Structure formats: C-alpha cells, structure tokens
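A quick write-up on the structure given underneath.
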Amino acid sequence: MQNTLRRLGLVLVAVTLAFTQHLFSESLTAFDLQLIAQQKQLLQDTTSRNEAAINRAVASDFRGIAPNGDFYDKGELVDADDQNTSEKIRAYDFQVVKLNNEAAVVAYNLIVPGKHPRYRHMTDTWAKIDGRWQLKFRQITPNLWSANDLD
C-alpha cells in the first residue's frame, strides 16, 4: 500500500511539473522568445569565445555591474579572461520584462562551474539599435546561499 501511494505521489508530481511547464511555455510571446534566443546566442558566443559576435551583440556604450559590485564596460566584457568558457555552464529560468517594442530586460539564472560565484542571478537589458538587438546593461548578482560555495 505504501509503495502504491509513493508511486501515485510521484506520478502526480510529474504530471504537475509537466502541466506547469506547458502553461509557462504557452505564456511566452514571440517577443519573449526572440529575446530569449538572443540571450542564448550571446551565451553560446561567450562560451565559444567568439569575440567578433560578442562585439556585435554588445552596445558600444554598454555598462555592467560585476558580482563584487564593480562597474565594467564593453572592452572588459569582450576581452575578459574569465569569460564563461566552460561548456558546462547552465542558464535557466529565463524571464522577459518588455519595456517597449525596442527594449527589454532578460533575467535568468546561471551556473558557472569552477568560477566564484558559481550560482548567479543575471539581469541583462537589451535595446534595439539600428534594427538589431544589442546588450546595453548587465548586472550579475551572486546567489546568497552559494556566495561562499567553492568547487
């Protein structure tokens, strides 16, 4: 009896998760999907160290806030030695806040194995400049529960 109840509970959890994922994916607009695709492409370019693509995707007046609170600019982003070069980075839980048809904030979580902090909340602001999306601002916030987590 206990095994049957346990299996039923697992089935209910799986169905609930699948249903929730289905509802979430249906709530994304074409605008949201476009920005999430842009964000994922930048992450892929960063992982593969495609500096030309990163340079095109980042606005000339880009500003960022590092996990330690320091500001940085486009040059530091493009030339960074500690880029997320690990093939094992994981980005998930993408959320888009549309500001207008030409600007949006993409927030997501990022896991960067071997880096400190490993778990990060990312907030990227994108603007359409001359007809194409470019990254204007980024804030990296360490996940507090993992701030002292070391590999």
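Small disclaimer: the values here were computed from a predicted structure and weren't measured. Only this structure's heavy atoms are used, side chains among them; waters, hydrogens and symmetry mates stay out. Throughout, numbering of the chain's residues begins at 1 and tracks the sequence.
Taking the side chain as every heavy atom from C-beta outward, Ile36 and Gln39 never approach each other to under 4.5 Å. In this structure the side chain of Gln38 never reaches within 4.5 angstrom of the side chain of Asp124, judged on heavy atoms. Within the 4.5 Å cutoff, the side chain of Phe137 has no heavy atoms near those of the Thr123 side chain. A 4.5 Å side-chain heavy-atom check between Thr29 and Lys98 finds every atom pair outside the cut-off.
Distance CG/Leu99 to OG1/Thr125: 7.0 Å, rounded to 0.5 Å. Atom CZ of Arg56 and atom CG of Leu135 lie 14.5 Å apart (nearest 0.5 Å). Atom CD1 of Ile89 is separated from atom CZ of Arg118 by 14.5 Å, given to the nearest 0.5 angstrom. Atom OG1 of Thr141 is separated from atom CZ of Arg120 by 11.0 Å, given to the nearest 0.5 angstrom. Between Gln139 atom CD and Phe71 atom CZ the span is 8.5 Å, to the nearest 0.5 Å. The distance from atom OH of Tyr108 to atom CZ of Arg90, rounded to the nearest 0.5 Å, is 14.0 Å.
Counting all heavy atoms, side chain and backbone alike, Lys136 lies closest to Ala127 at CG-CB, 3.6 Å. In plain terms, the two heavy atoms of Val58 and Lys74 that are nearest each other are O-NZ, 2.9 Å.
Within the structure, ring pair (Phe, Tyr, Trp, His ring centres under 6.0 Å) pairs that include any residue of residues 27-49 comprise Phe31-Trp133 (at least two apart or interchain).
Residues Val105 and Leu28 do not share a hydrophobic cluster, defined by chaining ILVMFWY side chains whose heavy atoms lie under 4.5 Å apart. Residues Ile140 and Phe94 are members of one and the same hydrophobic cluster, defined by side-chain heavy-atom contacts under 4.5 angstrom among Ile, Leu, Val, Met, Phe, Trp and Tyr. Hydrophobic clustering, with ILVMFWY side chains joined whenever heavy atoms are under 4.5 angstrom apart, groups Leu35 together with Leu43. The cluster map of Ile, Leu, Val, Met, Phe, Trp and Tyr, joined by side-chain heavy atoms under 4.5 Å apart, puts Ile54 and Met122 in the same cluster.
Annotation: Lys40, atom NZ; neighbour count of heavy atoms from other residues, nucleotides and ligands within 6.0 Å does not exceed 12.
Applying the salt bridge (Lys or Arg N to Asp or Glu O under 4.0 Å) test to Glu51 and every residue at least two apart in sequence or in another chain returns Arg49. Residues that satisfy the ring-ring contact (aromatic ring centres under 6.0 Å, His included) test with Tyr72, not counting sequence neighbours, are Phe62.
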I would like to know whether Lys115 and Leu110 meet side-chain contact (heavy atoms from CB on, under 4.5 Å); could you show each step before the answer? CA-CA 11 Å; Lys115 299 290 183 179; Leu110 188 67; over 6 Å; no
